[in-house]
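Report on one structure; see the data block that follows.
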Amino acid sequence: MELSKGYEPKAAEKKWYQFWLDRNLFSPEFTPEHAPKREKTFTIVIPPPNVTGLLHQGHALSYTIEDVLVRWKRMSGFKTLWLPGKDHAGIATQNVVEKELSNEGTDRHKLGREKFEERVWQWVKQYSSRIEEQLRAFGCSVDWNRDRFTLDEGLSTAVREVFVALYEEGLIYRGEYLVNWCPRCHTAVSDLEVDHENRSSFLWEIKYPLVKNSGEFLTVATTRPETMLGDTALAVHPDDKRYKGFIGKNVLLPLLNRPIPVIADEYVDKEFGAGCLKITPGHDPNDFQIGTRHKLPIISVMSHDGTMNENAGPYKGLDRFKCREKIVEDLKRLDLLGEIKPHILSVGLCQRCSTIIEPTISTQWFMKMESLAKPAIKAVKNGDIKILPSNWEKIYFNWMENIQDWCISRQLWWGHRIPAWYCEECEKITVARSSVKKCPECQSTSLKQDPDVLDTWFSSALWPFSTLGWPKKTKDLEEFYPTSVMETGYDIIFFWVARMIMMGLKFTGKIPFSYVYLHGMVRDEKGQKMSKSKGNVIDPLDSINEFGADALRFTLISLGGPGKDLKLSNERIQGYRYFLNKIWNAARFLHMNLEGFDPKRHPQPRRSPQPKAWGAGVSTGRSPTLVSLAGDDYKCEGSLADKWIRSRYNQVIESVTKALEEFRLNDAADQLYHFTWHEFCDWYLELSKLSLQGSPESRMVTQKTFFEVYEGTLRLLHPIIPFITEEIWQSLPQREGISISVATFPIPEPKAIDKNALTDMSHIQTVTNAIRTIRGEHRIPPATRLSVSISAPTAVLKLFEKEEAGIIMLARLKELKLKSELAPIPHSATDAFGEVEIQIPLEGVINFDEEKKRLEKEIKKCESDLSRAEAKLSSEKFMKGAPTEIIEQEKGRQTELSETLQKLNRALKRVIG
RNA sequence: AGGGAGUUAGCUCAGUUGGUAGAGCAACGCCUUUACACGGCGUGGGUCGCAGGUUCGAGUCCUGUACUCCCUACCA
């Protein structure tokens, strides 16, 4: 099959994804023909995207990383499962659907709960299929047969099971506490769902007159005057001499004229403001605690929509911020307002709608976290779970060791309904796994289920095992749990990762995953967060449309290291698109030179290097190729270039594999980029042109080497760029109908690494580069063929003699004269390194000034290097302290530099004349 | 306030156990050489934030310091 002039991603991507699907290659049940039983498993459950909307670059990054790992493991002989799914995303989804309703002039209350839920399911259906399309566009090799949704029946069973079990154990409780209340979403949210933002505001001083001592008053400072309506005390520090006499007395709450006590509490900071604090247990977390300590009454002055309630007296019905203005005005009028100072305070905002959170007294369900956190801390401390990058382990500990109880109930309609029923007659609460019809206490049948739902993250916490069938003892659970890697963004380590670890340990007795890989945030080219309002969003589908999925994937992998934010731009993606083109064109070159090549003539290696890995050498079923580059079956080793590229190829397999094993995906990508482009294409492909035109035997060996190294490189690249590698792979002989995605990931063959070939090739490269530099600096066009003389020690001369044709081609020479010593030629350019000297006669072409400048520069560099080496060697300290190998190295350097210097000086003399 | 991270070439970043500073992009110069101009070849560019210390030797280890960023918590 021939390849077109340029790679066309669009058609190829669609075609090959369908090809993979048709063959069910991503299901762990798939076993290639003739493949031995696979014993090792590798599992990733996808961080489920919210059904709220479409996927962004953060998802693209996450899922590309996961796909690379999964494809690599699948190719390496693991029974591999990547389980896809979606999250119902309670509050987020409810909000978008409510917004839609509001645009239609209605709301959920008019619709009623049942109709509303139907409406959300419609939304879910629509977005689910679009999200699935996106995952396919990214190239994700997920097993669609195991697709899950957090509201699936199975997962809902798991949620109820966990809730009931924790309730029965006393770890879930219900009670009236101060919670974060969003007056717009009309629900409680957990501490983690509150974002903090610094805003400039004021600090108002308010005077509280003493009840029985006219004229005297206490002054407090507050950032929230409106909450004074709910004050139930003033507090001072017990040691504060200024206020000793006031403790136990009453002051009059202005505006409402309610007497409230002055209490003493050590929480009060004597230095801040006037050292006197108003206590509003109904609207401030610290005041709530102080209030509890002193058994103060709790007065809530606001309704759930953020307006003042009946406890606010004359202010009833006012919005909380309007009320603040009014109160300040009124206090001023009564002369009870003191100083007003500018003040920066951090306000809590609802993560979902940015409304200012109102701490509010409310009856909610909570989960006790401390006992759950302990084993989860241990699991990371003892290394059962490794978090990458590892510094996040400290952050994890820091949070886990100070963990607070988790408010898990939400006043929403979209989510897992809390499995608690209230008897309307005896008020007994029954928590049960299935619907309760009769009160177990009084046998009444008038029962009402708790209207609230659970925090979305509650079901997410169970994701690694609920998706595999838990609480049922399924085959999947047995086979794929614990999972291997949890790959997700560092922004949800507390929301999700920590909770999965706690729940996994609690309910399965096992860690949910061995590794946590945290990726960074995808930002725009300036490092700013992508957001619709800034207009700097790059839609992954647009990137794919413009450059292809592979280009985007390679970019994300190259730029994104563990825990590191990455700056994405179209220019970057474009750059990697060029790389794909390079790969493509190398394939075209291969095709043009395949004539007479028959892969069948090249037998399998007699021994598979790792017989236990499935399909080593035979993973493609009937395909007889994919031979290892072992020395055994090499009757003819080929040219230096052949030996060199084989050596390099095997070194690259080794280091790429190591990088992947250590989750350094960007390193793996960089190495492959460099190897493919700057070694394989720049040097080997060029040199292959010679041997391909040489003797039939040399042609055959080079064809074989080229084919095998190139084909193997495709397999190395496939996890990162699955589409183009499949497209090219399918075009190669003997590949039709078989997929590279289930071919063996290359296994290094140490015997194929030829140290001599590596050294020899580096000599060829050094000489070639030196000639090219001279050519470049003298601006001699490539069309001008040069005649070059080289002198060198005998062994090196012999090498150059053998590889003469290669040097002539690469450096574009007319002839290469090899001598043991060079006679001075007046009009010539010279370069030297150690004992090797290069001389290029340039009569008529040479620019003497240029050559003089060039030589002087080189001499200067050489001299400074040499003097540094000499200084070291003559330093007594160095000679005494440094290890002998370093001293030897330095001596060698000195010798080489002085030889070079000598030759360069001679050349300079000639130029000056 | 507590915790974490960063500061290396114009930009984005590598620099694994201390042994003469690297890549990609951008810039500049030469070139349509038959895989590729989405290309080839070459060049310029850094006192590695600052100050000390350990060491024969520090971008790399230690201490201090400046600035930047992130997370958690939040003093009214």
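The shown structure was predicted, so the numbers you read here are calculated from the model rather than taken from an experiment.
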Sort out the partner of [N] for me: Watson-Crick or G-U wobble, both distances under 3.5 Å, none otherwise.
N: B:G2; answer: B:C71
N: B:G19; answer: B:C56
N: B:G29; answer: B:C41
N: B:A14; answer: none
N: B:A66; answer: B:U7

**Prompt:** Can you tell me how far the CD1 atom of A:I327 sits from the CH2 atom of A:W204, to the nearest 0.5 Å?
**Reply:**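 A:I327 atom CD1 to A:W204 atom CH2 measures 11.0 Å (nearest 0.5 Å).
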Which nucleotide, [options], lies nearest any side-chain atom of [X]?
X: A:N581; options: B:C36, B:U20, B:C41; value: B:C36
X: A:R868; options: B:U20, B:U72, B:A76; value: B:U20
X: A:P782; options: B:G4, B:C31, B:C41; value: B:C31

Just the rounded figure in Å: distance from [atom2] of [N] to [atom1] of [X].
X: A:F675; N: B:A23; atom1: CZ; atom2: C1'; result: 18 Å
X: A:R779; N: B:C28; atom1: CZ; atom2: P; result: 14 Å
X: A:L566; N: B:C70; atom1: CG; atom2: P; result: 16 Å

**Request:** Would you indicate whether A:E8, at its atom CD, is surrounded by more than 12 heavy atoms from other residues, nucleotides or ligands within a distance under 6.0 Å?
**Result:** no
Does [N] have its OP1 or OP2 closer than 4.0 Å to a side-chain nitrogen or oxygen of [X]?
X: A:N286; N: B:C75; value: yes
X: A:N769; N: B:G42; value: yes
X: A:H678; N: B:G24; value: yes
X: A:R664; N: B:U16; value: no
X: A:H343; N: B:A76; value: yes
X: A:S558; N: B:G24; value: no

**Asked** Tell me, which of residues 683-690 of chain A have any heavy atom that sits under 4.0 Å from an atom in RNA chain B?
**Response** A:L685, A:E686, A:K689
**Item:** Contact residues, residues 190-198 of chain A to RNA chain B [heavy atom, < 4.0 Å]
**Value:**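 Nucleic-acid contacts, sorted: A:H196.
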Listed pairs, N/O of protein and of nucleotides 52-59 of chain B, under 3.5 Å:
residue	atom	partner	partner atom	Å
B:C56	O4'	A:K877	O	3.0

**Message:** When you compare the side chains of A:H294 and A:D265, does any donor N or O come within less than 3.5 Å of an acceptor on the partner?
**Reply:**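 A:H294 vs A:D265: donor-acceptor pair found between side chains.
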**Prompt:** Would you say the side chains of A:N666 and A:D670 form a donor-acceptor pair under 3.5 Å?
**Reply:** no
**Item:** Face-on cation placement of A:K278 at A:Y208 ring, 6.0 Å and 45° thresholds
**Value:**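 No.
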**Fill in**
Note: for A:K857 and A:K564 on RNA chain B, the residue whose nearest nucleotide lies more 5' is A:K564
**Item:** Residue met sooner reading RNA chain B from 5', once A:D565 and A:R588 are mapped to nucleotides
**Value:**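 Per heavy-atom nearest nucleotide, the more 5' residue is A:D565.
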**Request:** Mind telling me whether A:Y490 and A:W392 have parallel, tilted or perpendicular rings, with 30° and 60° as the class edges?
**Result:** parallel
**Request:** I would like to know whether A:F706 and A:F589 meet ring pair (Phe, Tyr, Trp, His ring centres under 6.0 Å); could you show each step before the answer?
**Result:** CA-CA 10 Å; A:F706 196 114; A:F589 178 86; 5.7 Å; yes
